[in-house]
Each structure stands twice: as structure tokens, then as C-alpha cells.
2 protein chains.
Amino acid sequence: MLPYKELANLDKIVHEPARLSILTALSACTLAEFLFLQELTGLTKGNLSSHLSKLEKANLIVIDKHFVRKKIPQTTIRITSEGKAAVDQHWKQLLSIHQSIRHHGANNENRSAPNPLSINQALT
Amino acid sequence: MLPYKELANLDKIVHEPARLSILTALSACTLAEFLFLQELTGLTKGNLSSHLSKLEKANLIVIDKHFVRKKIPQTTIRITSEGKAAVDQHWKQLLSIHQSIRHHGANNENRSAPNPLSINQALT
DNA sequence: AATAACTGGTTTGTGATATAAACTATTAAT
DNA sequence: ATTAATAGTTTATATCACAAACCAGTTATT
């Protein structure tokens, strides 16, 4: 696909900043606690909670709510293999798009611009 | 800033896929026509129009509406220096965050996980 | 000349989204 | 007994992205 179209069509479930942060953090550890994740990302609890729900619904993470010593509630989160694949692929895609545009751009930077229309031609 | 927090706080005006596409495309040319930009990004007219308005309001682009041979309406768009700086910086930021996480992650991948809490410690 | 169809966009409606404030349920401290 | 803290969830709101509908001018068609 053309890089600009690919850019415009990025998966928003993954691309959204809070969720990209969550998924990227989770992809670096086997398990994370809710509060740890909150500290890491700097999100508010409410915000984190709703993003986690969204990610769970998309099968990108698994949420486990349990009690420590049958007393203290604790929510732990794992990334699924699907989630890991999605976030890895997303970063790859971003880098690859950036590369492809950098090359493309370099070819056009020194091109003169006799009129607006010709510039458009140059970049297609 | 910590990379995960930085990730969660990315500037959404720039980060949003359609606008990242538009800004990135504009940063590679001196001037672009509305229809050209539409073809490049694959956005619908309405969608492109409203994203452009938003970018203009944020001073990231300048929109010029005029007529060709006093007849055909034509909208041309330029990125401002502020816009160019913003999109360049955004890409830099993405790459730098990715780098910093890649390094960080590599240090933890082979670490064993005796219990959930210790994992959290490992990654802070 | 009248009308239909096309161009080049803008405005409007709506369903989804991100966010923090308010809330809940349990435990710990005084 | 009351107050405060913990660990989150639910709710309310303001914003957003998106495409369908619209509009004004221009070019074909009859």
C-alpha cells in the first residue's frame, strides 16, 4: 500500500497513545499489576480501567481479578499472543512507513516547483 | 520523561492517523491541492476537510481557497514552519521512544519471573 | 434556453471515544 | 465507631472521526 494511505489506516485500537503505551509496556513483561501499569503509563485509574476493558474486548490482553491472601484485591494483566503480535507489528509498520517516506521525501526535496500542479505530480 | 509516559502523552493533534498522514505528506512538498491530498491519503472529502480545519486552527497548516482562471475553485494547503517542526518532532519522538524501549526490553526478556511482584520491580 | 450532470469542496448528524469525577466495597488505623 | 486509605469501576461529559447530505458554480446535453 502507499505509505500515506497506510498511515491514514493505522489500527486505532493499537495506535491510540494510552493503549500503545499499555501494550508496549505489557509486551516487555510477562505479567503486570494494575497499579504498576498505572505508575508506568501515568494514566488515571479510571482511564486505565476503561482502556484495559477495550483491549480485553479486542482479545489483546487478559485481565485477572483475584485476591492476595484472600483479602487484598489485585488485578493483573497479561498481553495475549495476539496482542503481542499486534503491537510488534504496529511498531514495525510505523518504522517501515517512516523509512519509506524518508526515502521518498529525499527524492523530492531538491525538486523545483514551477507551479503547484507539477509539485503534485512529483510526489504521487 | 519515562518512555511509557511519553508514549501515553503523545500529541493527539499530530498522532491521529489521518492527520499524521496529512502532515507527513505536506512536509514532503511545498504545496498540495485538496484533491491531490485526498488521493494520497485515501480519505473522504468530508473527512479530509474537517481534519484540515482542525490542523489550520492549530496553526499547523495554511489553507488557501482561490479560483483557477477565475473559474475553477481550488484549495491549496501548505504546512507551516510550526507544523513542519511538529511532525518532524513527532516522528523523532516515536523513533526515540521505540529505541529506548527496545533497549530496555532486551534487558528484561531473559529474566525469570518468580512471582508477579518481582516482575514489576524489574521493569520500573 | 433549460436542464442534467459533474466539480470541488463544506456542513451536519451521529455513533464512538477518551477522560476524570464520582462512586463502591473492603481493609486498616484511631 | 469513625475516619481514612486501597483498588479499582461506573458514570457523565465533552470531544472526535467519519460519511452522508448538501451547496454553489461549471460544463455538457437536448
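Values reported hereafter were calculated over all heavy atoms of this structure, with side chains retained and with hydrogens, waters and symmetry mates removed. Reminder, nothing fancy here: chain letters follow the sequence lines and each chain counts from 1.
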Can any side-chain N or O of B:Thr80 pair as donor or acceptor with the backbone N or O of B:Asn59 at less than 3.5 Å? yes

Using atom types as modelled and distance alone, determine if a side-chain donor or acceptor of B:Ser49 lies under 3.5 Å from a backbone N or O of B:Lys45. no

Considering only C:dG9, D:dA19, D:dT9, which nucleotide approaches the side chain of B:Thr44 most closely? D:dA19

The side chain of A:Leu35 is closest to which nucleotide in this list: C:dG9, D:dA7, C:dT10? D:dA7

Find every protein N or O atom lying less than 3.5 Å from an N or O atom of nucleotides 12-17 of chain C, and list the pairs.
none

So what does A:Ser49 touch, heavy atoms closer than 4.0 Å: a base, only the sugar-phosphate, or nothing? base

Answer with base, sugar-phosphate or nothing: what part of the nucleic acid does A:Leu43 contact at a heavy-atom distance below 4.0 Å? nothing

Interatomic distance where [atom1] belongs to [X] and [atom2] belongs to [N] [whole Å]:
X: B:Leu52; N: C:dT10; atom1: CG; atom2: P; result: 8 Å
X: B:Asp11; N: C:dA18; atom1: CG; atom2: P; result: 16 Å
X: B:Gln74; N: D:dT26; atom1: CD; atom2: C1'; result: 15 Å
X: B:Glu33; N: C:dG8; atom1: CD; atom2: P; result: 9 Å
X: B:Lys65; N: C:dT11; atom1: NZ; atom2: C1'; result: 11 Å
X: B:Leu48; N: C:dT11; atom1: CG; atom2: P; result: 14 Å

Transitive ILVMFWY cluster of B:Met1, excluding itself - 4.5 Å side-chain cut-off: none

Side-chain N or O of [X] closer than 4.0 Å to phosphate OP1/OP2 of [N]:
X: A:Lys12; N: D:dC18; answer: yes
X: B:Lys45; N: D:dC18; answer: no
X: A:Asn47; N: C:dA20; answer: yes

Hydrophobic clustering (ILVMFWY, side-chain heavy atoms < 4.5 Å, transitive) - are A:Leu48 and A:Val62 grouped together? no

Starting from the C-alpha separation in whole Å, work towards a yes-or-no answer on side-chain contact (heavy atoms from CB on, under 4.5 Å) for B:Ile79 and B:Leu23. CA-CA 7 Å; B:Ile79 197 166; B:Leu23 287 175; 4.1 Å; yes

Evaluate the side-chain contact (heavy atoms from CB on, under 4.5 Å) criterion for residues A:Asp64 and A:Arg78: first the C-alpha distance (whole Å), next the side-chain angles of each, then the deciding distance (0.1 Å), finally the verdict. CA-CA 8 Å; A:Asp64 175 39; A:Arg78 274 175 217 279; over 6 Å; no

So, B:Asp11 and B:His15: side-chain donor and acceptor under 3.5 Å apart, yes or no? no

